[in-house]
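Written below as structure tokens is the structure these notes are about.
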Amino acid sequence: MADAGRAGHSLPPLPWKSVLGVLLLALALRLVCLERTQLIGSDSARFLVAAERFERGDNAAALADPYHPLTAFAISRANLLQNAVAGEPPSIREAQARRERAAHWVLISMGLALVYLIMDLTRRVFPGVPPVVAGVFAASQQHLVRSSVDIMSDTLYLALFFFALREAVIVIQERRWHAAPTAGLAAGLAYLTRPEALVLLPAILAYWVLHEAWTRASSWGRTSARVALFLAAVALPAVPYIISISDAAGEVRLTLKKDFSQLVNGEDGGAVAASEAPAAPAAAAAPEAPLWLRSLYEIFKVWFNTSPEILGVCFFFGLYPALRRREWEFGHTLFAMIALLVVGALVALLEVANDPGYLSRRHSYTLVLLGIPIAARGVTAMGRYLAALWERVNPAHTVSGFAAVLTIAMGVQAIGAERTDQLAQLDAAAWLAANGARTEPVYTDREKVPYYAGSPRQELPPSAAAALAQIQQHERAWLVFYKERVRCNGLAEALSAPPPGFRLMQELTEPNSEHPRTLLVYRWERPAAPK
């Protein structure tokens with residue numbers, strides 16, 4: 001393993017023309033993707049509602065949401081600035097549109113910052129990898145483009161996460177004392193965005209301590225001071241939030257998100273689900289791999305599909321020469337520790353959820369970004385291999401051409417898929433708004449319908465009997481759900497012959513969706529008492 005003795009040595013700066021070109025590419029792809037986006041993401045309404053609460057000064061209600069608050073808070077500040085310039089919005093829908101616009105400004109900006117951070121980290125930690133290639137991968141990767149457009153926490157979280165990594169590396173390479181508290185503040189803010197950021201703490205601390213033990217580059221006193229400054233800076237934004245949610249929950253909590261709360265408090269969510277499930281006949285039982293092993297396979301599958309193909313193959317092409325030729329720097333250990341900790345956290349989460357299929361692509365974004373420098377190294381390896389097949393070909397030209405072809409392919413893939421699913425939710429929301437639902441509760445497991453309708457949302461209970469009983473407490477209410485994917489057990493069956501007071505008002509289909517489904521809108525009005 002190569003010594004990290006580059007500490008204190010100046011690094012060549014990133015060429016500003018290349019940085020500008022990559023950022024313009026990233027911006028163009030994100031703007032095109034935004035133009036083709038017809039509706040917000042699955043959980044976007046929750047962030048927008050929390051942002052509205054922050055704008056009103058209702059901080060307690062905003063902090064009570066299970067999603068961590070920094071994304072919503074950033075959106076609220078951007079929207080308040082927008083309203084200060086443009087004046088108060090004239091209508092509810094215009095207020096929503098402005099808030100969505102402010103969210104897009106914040107997240108696209110963070111997406112561009114993330115691309116720059118990937119380039120700078122590649123320059124610092126992977127000296128044999130062209131930073132520009134890593135930058136164009138981050139700029140054009142399909143799901144990273146998508147996450148910069150969806151109103152979710154991913155892009156802000158990843159930008160803060162990788163900024164904390166950058167500052168942790170600068171502590172070693174340039175021996176700047178102020179980089180330690182900066183890394184801590186970025187890690188603390190990343191935690192306020194998503195709880196998974198906690199993996200930064202043991203990784204960065206272990207990285208610094210191992211580096212000191214390996215190189216003896218400074219005294220243990222200085223290393224201890226850096227650690228203390230780092231932890232104090234983490235606590236500055238994190239501890240007030242932990243106190244707030246712990247007071248509300250009546251016990252110490254690091255997050256209000258259900259599955260991670262079960263993990264932190266040692267609860268076995270899977271055991272409860274298993275105990276409620278009907279027992280299978282003994283003869284039908286079949287041996288299967290342990291849950292942790294199935295979880296590892298699921299993590300790998302989701303990572304490779306998110307990469308997808310292009311980055312995944314390039315990663316393995318880059319990993320081979322890096323290991324065989326010992327192209328290893330001490331800074332790589334930070335990336336390796338982060339990756340192992342992320343995988344370990346995901347396995348623990350899936351153990352708690354008792355379901356390896358719980359993973360979505362969003363869970364793997366951190367792993368995808370950690371692999372981008374290795375994938376960029378794979379581009380150089382494949383480019384040189386292609387150059388070796390033809391004489392009189394400059395390997396540098398082959399690498400550049402190969403990277404350009406991959407960038408074009410990934411860029412087309414990033415903007416090619418236009419979302420056509422969930423459009424029925426927009427139609428249902430418009431119909432509800434036109435039929436006086438703004439002041440009446442809407443019971444649904446879909447956040448976007450009441451958000452666009454401007455109606456108060458009520459969460460559906462887990463069972464049909466509880467849901468119908470709760471709805472029947474109102475004089476008038478609405479019920480909206482997908483017949484094929486309702487998250488309330490037995491609801492579709494219970495309404496196949498609607499009880500008195502329930503009427504089917506709308507049946508909206510989504511034929512262009514990957515899995516066609518039907519959105520049902522029911523009206524509840526309490527029947528008149530018999531005379």
Atom pair [atom1] ([X]) and [atom2] ([Y]), whose distance is rounded to the nearest 0.5 Å:
X      : Y      : atom1 : atom2 : result
Asp65  : Leu256 : CG    : CG    : 8.5 Å
Cys314 : Arg377 : SG    : CZ    : 12.0 Å
Leu367 : Phe315 : CG    : CZ    : 9.5 Å
Phe161 : Tyr365 : CZ    : OH    : 15.5 Å
Leu121 : Arg123 : CG    : CZ    : 9.5 Å
Arg46  : Met152 : CZ    : CE    : 10.0 Å

Exercise. With side chain to side chain contact (heavy atoms under 4.5 Å, CB included) as the test, would you mind laying out the steps for Thr444 and Phe481 before giving the verdict?
Key: CA-CA 6 Å; Thr444 181; Phe481 63 92; 5.5 Å; no
Residues forming a salt bridge (charged side-chain N to carboxylate O under 4.0 Å, His left out) with [X], sequence neighbours excluded:
X      : value
Glu484 : none
Arg166 : Asp120
Arg194 : Asp154, Glu196
Asp43  : none

Can you tell whether the side chains of [X] and [Y] come within less than 4.0 Å, N to carboxylate O?
X      : Y      : answer
Arg98  : Glu94  : yes
Glu251 : Arg253 : yes
Arg124 : Glu174 : yes
Asp150 : Arg362 : yes

Could you tell me which non-hydrogen atom of [X] sits nearest to which non-hydrogen atom of [Y], and how far apart they are?
X      : Y      : result
Phe163 : Leu117 : N-CD1, 3.7 Å
Ala203 : Met337 : O-CE, 3.4 Å
Pro461 : Cys488 : O-SG, 3.2 Å
Ala233 : Leu185 : CB-N, 3.5 Å
Leu319 : Ile374 : N-CG2, 3.5 Å
Ile151 : Phe47  : O-CD1, 3.7 Å

Quick one: side chains of residues 48-55, donor-acceptor pairs under 3.5 Å with protein atoms, not counting sequence neighbours, listed by atom name and distance.
from, atom 1, to, atom 2, distance (Å)
Glu55, OE1, Asn79, ND2, 3.1
Glu55, OE1, Arg99, NH2, 3.2
Glu55, OE2, Asn79, ND2, 3.0
Glu55, OE2, Arg99, NE, 2.9

Quiz item: Do Thr255 and His68 meet the criterion of a side-chain donor-acceptor pair at a distance under 3.5 Å?
Solution: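 Indeed, the side chains of Thr255 and His68 share at least one donor-acceptor pair under 3.5 Å.
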Quiz prompt | Under 3.5 Å side-chain donor-acceptor pair for Gln425 and Tyr482 | solution =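 Short answer, yes.
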Could you check whether any side-chain heavy atom of [X] comes within less than 4.5 Å of a side-chain heavy atom of [Y], counting everything from C-beta outward?
X      : Y      : result
Leu70  : Tyr157 : no
Leu346 : Ser295 : no
Val368 : His143 : no
Ile170 : Gln173 : no
Leu369 : Leu158 : yes
Arg294 : Glu298 : no

Does any N or O in the side chain of [X] come within less than 3.5 Å of the main-chain N or O of [Y], such that one atom is a donor and the other an acceptor?
X      : Y      : value
Arg30  : Ala26  : yes
Glu167 : Pro181 : no
Thr193 : Leu189 : yes
Thr182 : His178 : yes
Ser76  : Phe73  : yes
Ser463 : Asn489 : no
Arg446 : Leu519 : no
Ser148 : Leu144 : yes

Quiz item: Given Trp208 and Phe230, is the side chain to side chain contact (heavy atoms under 4.5 Å, CB included) satisfied, shown in steps?
Solution: CA-CA 11 Å; Trp208 287 345; Phe230 173 78; 3.7 Å; yes
Quiz prompt | More than 12 heavy atoms from other groups under 6.0 Å of CZ on Phe317 | solution =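 Result for CZ/Phe317: open.
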Exercise. Count the heavy atoms belonging to other residues, nucleotides or ligands that lie under 6.0 Å from CZ of Phe316, then report whether that count exceeds 12.
Key: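 Yes, enclosed.
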Exercise. Show your reasoning for whether side chain to side chain contact (heavy atoms under 4.5 Å, CB included) applies to Leu165 and Val125.
Key: CA-CA 10 Å; Leu165 291 187; Val125 181; over 6 Å; no
Quiz item: Parallel under 30°, tilted from 30 to 60°, perpendicular over 60°: which one fits the rings of Tyr191 and Tyr241?
Solution: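 Taking Tyr241 first and then Tyr191, their aromatic rings stand perpendicular (interplane angle over 60°).
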Self-check item: Leu29: which of Leu31, Val32, Leu27, Leu25 passes side chain to side chain contact (heavy atoms under 4.5 Å, CB included)
Solution: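 Only one option passes, and that is Leu25.
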Practice problem: Would you sort out whether Leu192 and Thr71 count as a side chain to side chain contact (heavy atoms under 4.5 Å, CB included), showing the intermediate values? | Solution: CA-CA 8 Å; Leu192 288 188; Thr71 301; over 6 Å; no
For residues 102-115, dump all side-chain donor-acceptor pairs below 3.5 Å to protein atoms at least two apart in sequence or in another chain.
from, atom 1, to, atom 2, distance (Å)
His104, ND1, Val149, O, 3.1
Ser109, OG, Trp105, O, 2.7

